[in-house]
Amino acid sequence: MRNRCVNRLRLVHTSSIRLRRSEQLEERSSGCKNLNKKKKGKIKSFSITDGEVVKWNMGISEHMRSGQLESALRLFETMPRRTSVSWNAMISGYIMNERFGDARHMFDAMQERDLVSWNIMLSGFVKNRKLSDARKLFDEMPEWDVVSWNTMLSGYSQNGLLDEAREIFDRMPSKNSISWNGMLAAYVQNGRIELARKLFESKFDWEKVSWNAMMAGYVRKQRLVDARMLFDRMPERDEVSWNTIITGYAQNGNMLEAQKLFQESPIRDVFTWTAMVSGYVQNGMLVEARKTFDEMPQKTAVSWNAMIKGYTLCKRMDLAKELFNAMSCRNTSSWNTMITGYAQNGDIDRARSMFNEMPQRDSISWAAIIAGYAQCGCSEEALHLFIEMKRDGEKMNRSTFTCALSTCADIAALEFGKQVHGRLVKAGYEMGCYVGNALLAMYCKCGSIEEAYDAFEGISEKDLVSWNTMLMGYAKHGFGREALRVFDLMRMKNIKPDDVTMVGVLSACSHAGFVDRGTEYFQTMEQEYGVIANHQHYTCMIDLLGRAGRLEEAEALMRSMPFEPDAATWGALLGASRIHGNTKLGEEAAKKILRWSPIILACVKKVPGYSWIEVRNKVHTFSVGDSVHPDKERIYAFLEDLDQRMKKEGYVSATKMVLHDVEEEEKEHMLKYHSEKLAVAFGILNVAPGRPIRVIKNLRVCEDCHNAIKWVEIETEFAVSGLPDYGMLRERTQENRKIRRIVEFSAGPTETKFATDSVGKQLVEGLIIVDEIQAALVFV
DNA sequence: GTAGGGTTAG
């Protein structure tokens, strides 16, 4: 369809060029024939009056406005004479109908552009968030008027580029009220309330809307006192002013003042009433909300939706549904509210069936259902829907991108995440820093640390979350030095660390073996940054001391903790006891841990362990002893062969890890078929040489698998990533340039706070897959 | 006849 139109457009261009030539020919010949009155009259009968051209142009616009692109084009093609307005109407029509490419083709083909043509194209670039293209076009323009400047200003403002917006504003040779209000809105919408205030105070003759905008800015920042002062000072108030201040009080929990103003207000329209209903809803006052709702003289869909939202929030889906069913003015938001309600109350199936039933979906509907699946752990389905959304033609917005990225992070679907990243850049969202943190977190959780750093650097306005994510990312993947470098950078830039930062710093010290430095940070962090040590900080310190062989100090620190040690704390001690062969302490720790969570030690039974691997955009999931795939025998043969070779080299299974009462051989059997081994085997056999094998688990990798994979790696001189003990090995092998493949274990979505990473490599040539859950994560 | 902006309820 689209291609056909583009082709037709090309035809239009050639035919219009042909037309122009023939018009010129006619003019030339008519110039000769001016003397001949008969022929002049004949020619005149072919042309149309200016008034008729205007009618044709209006026809084009009307068709474009009603989405009839084909008939607009037909008019354009068949009209006897075209002016720049005809072209402009076509270009603007294409932009209006989200056919930017066609608009651009036409603009490029246009011979005599006027200022309006340039302005239309400029706004086309702005609407499609192609800011750098817009700027290029702006600089190319032969002349500017106030519309050109205002378009550029709003483009920058909409993309949060306030410095650029201000530059435009300052450079404008003349400003109208649109320029002033545009700059004010730029500050208000981007949360820069102080700059907005400064601008507002620099001028006296503001319009009513400007006062309202400034007041709304204060309300959004919860500065009710300032909002109220403005309200009291306003030269004239309209209903928007009253509604804004009433909403302000209602949304900030002051229902008494909201009620008072509601009584005082000269006009109570639907907005006023709805503001009261949603105010009650947001403050959990459902009875008052319903009373007001029933009293309302008239209701819009928004009023109904607010009430429904109230019921979903207090988990009364039955009442929400009742209201939803009774509604005659149901709109997409009503459906969206119900879908979100079901999803957040744990009923994803009902949410899905409503999603399927709804007559029309918007980006919020997709975001709601995708987030619903993501939150209940159905990550594959969430990503499936993300692809479906694209197929359905729904435009992705910031929140769907953020949601998709964090879902990718949950299941460490790196390849898919990269594609989302690509789409993100293509959609023009790379400028905003909103998605930056999601992108960074995705690369971190997928263990792709170099790309994580690129994403980090790409965030123009880094907040504390950005810094912490990067720092923790480095720390979790065994890059202690890099993590500490990030911390140094933070302090250079005067960014105040919080408790999360310090967890990252301490675990980085632990991984890098900086015992003294870590101890110093631990001891001074309260004084320096006001961070009081919590469970996690203590656990990091116990890990740090334990790894360094200072077991007694570690144990003493644990016993001096101002709170009871938890499984993670004991786990750190257990790890250290194992490394340094302190059996007694190890046993005590193991007993304590088993009390909380047997699965941490024995990754069999209880919570089923899964491993999954993403190969060529498919996520392959494996469970222990998986036997679903028809080629399972080949997999087991592969693992059997591996096992034999390892035994020959003197490897002994860590059967002590399986604490079940089963025969030794049976234990070994269970370990051999652990899901991670299946996934690693699958990866070795299916991932192209030279590319990392990334296996993700929902539980901690068991020691046996860990050792087995390490063994595989050492035997074949391949490399390592991750677990702190392997940090050195990684560096060494990297120096030797022997890294060809890395098997990485990343922590999965739930159940464990332990991030586990390990190693693998390519062995022999090929076997196949156990493919239990398939997700075709392919963009079309 | 074609181009730019701002305020209130989900």
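In what follows, every chain begins at residue 1, and chains take the letters A, B, ... in the order their sequences are listed. Note that this is a predicted model, so its numbers are computed, not measured.
- Side-chain atoms of A:V146 lie closest to B:dG4 of the nucleotides B:dG4, B:dA9, B:dT8.
- In this structure A:R223 satisfies the salt bridge (charged side-chain N to carboxylate O under 4.0 Å, His left out) test together with A:E194, A:D226, sequence neighbours excluded.
- A straight line from CE of A:M234 to C1' of B:dT7 spans 9 Å, rounded to a whole angstrom.
- A straight line from CD of A:Q251 to P of B:dT7 spans 15 Å, rounded to a whole angstrom.
- Partners of A:D349 by salt bridge (charged side-chain N to carboxylate O under 4.0 Å, His left out), not counting sequence neighbours: none found.
- Closest to the side chain of A:A306, from the set B:dG4, B:dT2, B:dG10, is B:dG10.
- A donor-acceptor contact under 3.5 angstrom links the side chains of A:S334 and A:N305, judged on distance only.
- Nearest nucleotide to the side chain of A:Q282, out of B:dT7, B:dG4, B:dG10: B:dG10.
- Within 4.0 Å of A:T337, counting heavy atoms only, lies no atom of the nucleic acid at all.
- Each of A:F125, A:W118, A:W87 was evaluated against A:F107; a single residue qualifies, A:W118, per the ring-ring contact (aromatic ring centres under 6.0 Å, His included) test.
- Heavy atoms of A:N176 sit under 4.0 angstrom from at least one base atom.
- Of the candidates B:dA9, B:dA3, B:dG5, B:dA3 carries the atom nearest the A:V116 side chain, counting heavy atoms from C-beta on.
- Counting any heavy atom pair closer than 4.0 Å across all strands shown, A:D114 reaches no nucleic acid atom.
- Contact between the side-chain N/O atoms of A:K127 and the OP1/OP2 oxygens of B:dG4 is found at a separation under 4.0 Å.
- In this structure, A:K221 atom NZ and B:dT7 atom P are separated by 16 Å, rounded to whole Å.
- For B:dA3, the OP1/OP2 oxygens have no side-chain nitrogen or oxygen of A:T151 closer than 4.0 Å.
- Closest contact between the side chain of A:S177 and the listed nucleotides B:dA9, B:dG5, B:dT8 involves B:dG5.
- The side chain of A:F271 lies closest to B:dA9, out of B:dA9, B:dG10, B:dT2.
- A donor-acceptor contact closer than 3.5 angstrom is absent between the side chains of A:T292 and A:E295.
- In the set B:dG10, B:dA3, B:dT7, the nucleotide with an atom closest to the side chain of A:I120 is B:dA3.
- Atom C1' of nucleotide B:dA3 and atom CG of A:N119 are separated by 5 Å, given to the nearest angstrom.
- OP1 or OP2 of B:dT8 has at least one side-chain nitrogen or oxygen of A:R220 nearer than 4.0 Å.
- Within the 4.0 Å cut-off from OP1 or OP2 of B:dA3, at least one side-chain nitrogen or oxygen of A:S92 is found.
- Residue A:N331 is in base contact, counting any heavy-atom pair closer than 4.0 Å across all strands shown.
- The distance between atom CG of A:L199 and atom C1' of B:dG5, rounded to the nearest whole Å, is 14 Å.
- One can place CZ of A:F138 at 14 Å from C1' of B:dA3, the figure rounded to the nearest angstrom.
- B:dG5 atom P lies 21 Å from atom CE of A:M214, rounded to whole Å.
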